[in-house]
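Working notes, beginning with the structure itself.
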2 protein chains.
Amino acid sequence: MEPVPTEQVADFRRFNRYFTRRIGALNDHYLGQDRPLGEARLLFEIAEHEGPDGVSLRELRGRLGLDAGYLSRMTKTLQTQGMVRLSVHPGDNRLRTVRLTPAGRVEVAEQNRRADSLAAGVLEGLDTEQRSRLTEALATARRLLRLAAITVEHVDGHAPDARACLDAYADDLDARFPEGFDRADLVDPEEVSGDAGAFFVAYEEGRPVGCGALRRHAAGIGEIRHVWVHADARRLGLARRVLDALEAEALRRDWTVVRLDTHAALTEAQAMYRAAGYTEIPAYAEHVYADHWFEKRLSR
Amino acid sequence: MEPVPTEQVADFRRFNRYFTRRIGALNDHYLGQDRPLGEARLLFEIAEHEGPDGVSLRELRGRLGLDAGYLSRMTKTLQTQGMVRLSVHPGDNRLRTVRLTPAGRVEVAEQNRRADSLAAGVLEGLDTEQRSRLTEALATARRLLRLAAITVEHVDGHAPDARACLDAYADDLDARFPEGFDRADLVDPEEVSGDAGAFFVAYEEGRPVGCGALRRHAAGIGEIRHVWVHADARRLGLARRVLDALEAEALRRDWTVVRLDTHAALTEAQAMYRAAGYTEIPAYAEHVYADHWFEKRLSR
DNA sequence: ATAGTTCTTTGACCTTAGTCAAAGGATGGC
DNA sequence: GCCATCCTTTGACTAAGGTCAAAGAACTAT
C-alpha cells in the first residue's frame, strides 16, 4: 500500500483539531448541563437503541465500552431519578433490559432540542447557499470516512456472517425483482469455500454491511456472484471495493478472466460494472435471473 | 434572520456525532496514553504557542480556559517530570513563562508521530482520488465553519482593535504596492465615528481578523474604505461579509449609493467588488493610490 | 448432573478534573 | 508611598470517571 502524503495527513489533522475544539467541546458542554456527561451519554444511547423490549445492559456495555460495574451503577442512578426502568430480559434471565420512562423520554427530547438549537446557532452564521455547500461537504466527508473504515474480509462460505449477508441479499432481490427471488438460486457454501471459490464480507464497525462471492466457472475463469451492499451503506463506493477484493482473489488463483450476470432491474449495478472495466458479452450460461452478462480480463 | 431548515440541522448533527465518535474518541485515546489528558493537552499547547521566551501561564490559562490553581499544579508535575522549565517572565515578574525541555520536545514529537500515524491509518482505507476528495471536502467544511463563527461588529473608530486592523492593513499594502504605502492615507478615527461614518471589525474567537470603514462622501453617498482581511482568514468569504455590514450601515443612514476606489495591484478585490454588484465608474476624486473606482446603488 | 461460562451487582479503591479561597509577591496609577 | 489590581501558589475539598475482584444467579455444552 502506497504511503499517504504527509500534506493530506496534516490537512486531515488540522480539520480534526479545529472541529473537535469547536464542535466537540460545544457538544460535551450542552450534554453535561444537567447531569454528568457519562450519564447523559448513556441516556442518549438508550434512547437511540432501545427496541420494543428496551435494550440490554450487555449491548450498552459493548457500544459505550464501559466497565460492567460502572454501567450498573449509572443505570441505577438513572433509575432512582425515574429516567429509566430496569427489567429482566425476556429471553435470558441473566440479562437486564433497560427502557426509558416517559420522564426519560422528555429529558432526551430536551437534550435533542438543545443540541438542535446549538447546531442551528452555528449554521445561522451562513447564508442559504453557504449552508448547502457546508451540508454537501460534510456529507461527502462522512461518506468517505465511512468507506475508509470499512474492511473487506475473506471469510469461509459457511460463516454465519456470510449466510446472514446472503439472506439480506435475497430479501432485497425478492423485493426488487418483479418475479420475486428464490433462495435456491444462492450459491452453496461449498461453492465459495476452499479451492472452489471465496466469499468476502465487508464490515463496518464490526457489523456486516456487504458481501461478494467468487466461484470457479471454467479453467482460468471465475464467476462473481451476489455482490451486495446493505441499504445503510450504499452510495459509499463499497460495491467497488468488494469487486476489487474479488478480482484480486481471482488473480491470486490465476483466474485471469471473471464473468458475472445481472438482472435487468439492477441498472446501477450494470453501470458500476461498466465503470469498473467490465464489458457486456453474450450469455455464457442459462440462468433464471440473468438478463445481462459481463466479463473482465484481469491483469496484475 | 430566516430559520435554518431542520433537515440541514439534522445533517449537521449527524456529521458531528459520527465524527466525534470516530475521530474525537480516537484523538483523546492516543493523547491519553502516557499521561492524563489534561497534561497531554497542556504540553501540546505549550509546544504550539511557545515563542523564544516560552509562553506565559497567563496565556495558557486563557487559551485552555483552566483554573489558575489547576494549571499551576499541572505545570509543576510537568516540571518534576522534566518536560518543561519554569522561569519568571522577563518583562513582568508576576508572570511565569514555561518552555519545553529537550525531553519535552521529544515527547511532543512522539505524540505528533502517533497522531499522524492514526490519521494516516484512517486515510489508508481510501485510494488517491478518494483521499483528495476527502481533503477537499474537509477544507471546504472548515472554511465555512470558520466563516460561520466570525462576527462583524460595529466599533468606534478610535477603538484599539480598529487601529490595530488599520496598522496591519497598512503593512499589507506597503508590501503589495510597488510604490509602498504611506500611513497618512488612512482615515482619521473621527471620519469613521458617530455621524461622519462607521467602522466594523470582524472577530474570530475574539481575535480581530478583518475590518472595513464607511465615511460620508457627499449627500446620500457613502465611501467605503480599508476593507481588509487578515492573511489567516482569507478565502473564507469574509470580505463579502464586511462589505455587507458596511452597505447595511450605509442604508441605515439613508446613504443609497456607496463608492470606493482600489489600487491596480488588488485584482482579487476588484473581482470581489464586481461580484458584489459594484460597477466601475470614472474617478470621483483624486487619490494617490486609486486606479479604479466603483459604485453601487443600494436598496432595501 | 456437572462444570465452565456469561452477566450483573456490590464493595473497595484510585486517578483525574476541577473549584474555591487565602496568601503573598509584583505592578501600575496616582 | 499607598492602594487596588494582577498573577501565581498552596491547601482543602468535591465530583466524575473508572478499575478490580468477589459473589451469585442463570445459562450452555457435554
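Below, all heavy atoms of this structure are taken into account, side chains as well, without hydrogens, waters or symmetry copies. Numbers restart at 1 for each chain; the letters A, B, ... are given by sequence-line order, proteins then strands.
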Measure the distance from [atom1] on [X] to [atom2] on [N] and round it to the nearest whole Å.
X: A:Met74; N: D:dT19; atom1: CE; atom2: C1'; answer: 13 Å
X: B:His89; N: D:dT8; atom1: NE2; atom2: P; answer: 10 Å
X: B:Leu95; N: D:dT9; atom1: CG; atom2: P; answer: 10 Å
X: B:Asp34; N: C:dT15; atom1: CG; atom2: C1'; answer: 16 Å
X: A:Leu64; N: D:dT19; atom1: CG; atom2: P; answer: 13 Å
X: A:Tyr70; N: C:dT8; atom1: OH; atom2: C1'; answer: 17 Å
X: B:Leu71; N: C:dT16; atom1: CG; atom2: C1'; answer: 16 Å
X: A:Arg35; N: D:dG17; atom1: CZ; atom2: C1'; answer: 16 Å

Modelled atom types, side-chain donor and acceptor of A:Thr97 and A:Ser56, under 3.5 Å: no
Residue pair A:Arg22 / A:Tyr18, side-chain donor-acceptor N/O under 3.5 Å: yes
Residue whose nearest DNA chain D nucleotide is more 5′ - A:Gly69 or B:Arg58: B:Arg58
5′-ward residue of the pair A:Arg73/B:Ser56 relative to DNA chain D: B:Ser56
Pairwise side-chain contact, B:Arg96 with B:His89, heavy-atom cut-off 4.5 Å (strictly under): no
Any side-chain heavy-atom pair of A:Glu59 and A:Glu45 under 4.5 Å: no
Sugar-phosphate only, base, or nothing, as touched by A:Asp67 at under 4.0 Å among non-hydrogen atoms: base
Sugar-phosphate, base or nothing in reach of B:Asn93, heavy atoms under 4.0 Å: sugar-phosphate
Kindly point out which of [options] is positioned nearest to the side chain of [X]?
X: B:Ala68; options: C:dT9, D:dG17, D:dT9; answer: D:dT9
X: A:Lys76; options: C:dT10, C:dC7, D:dG17; answer: C:dT10
X: A:Arg61; options: D:dT9, D:dG17, C:dC7; answer: C:dC7
X: A:Leu57; options: C:dT9, C:dA17, C:dT27; answer: C:dT9
X: B:Pro36; options: C:dT9, C:dT16, C:dC20; answer: C:dT16

Mutual orientation of the aromatic rings belonging to B:Phe200 and B:His154 [parallel < 30°, tilted 30-60°, perpendicular > 60°]: parallel
Residue whose closest nucleotide on DNA chain C lies nearer the 5' end, A:Arg96 versus B:Glu39: A:Arg96
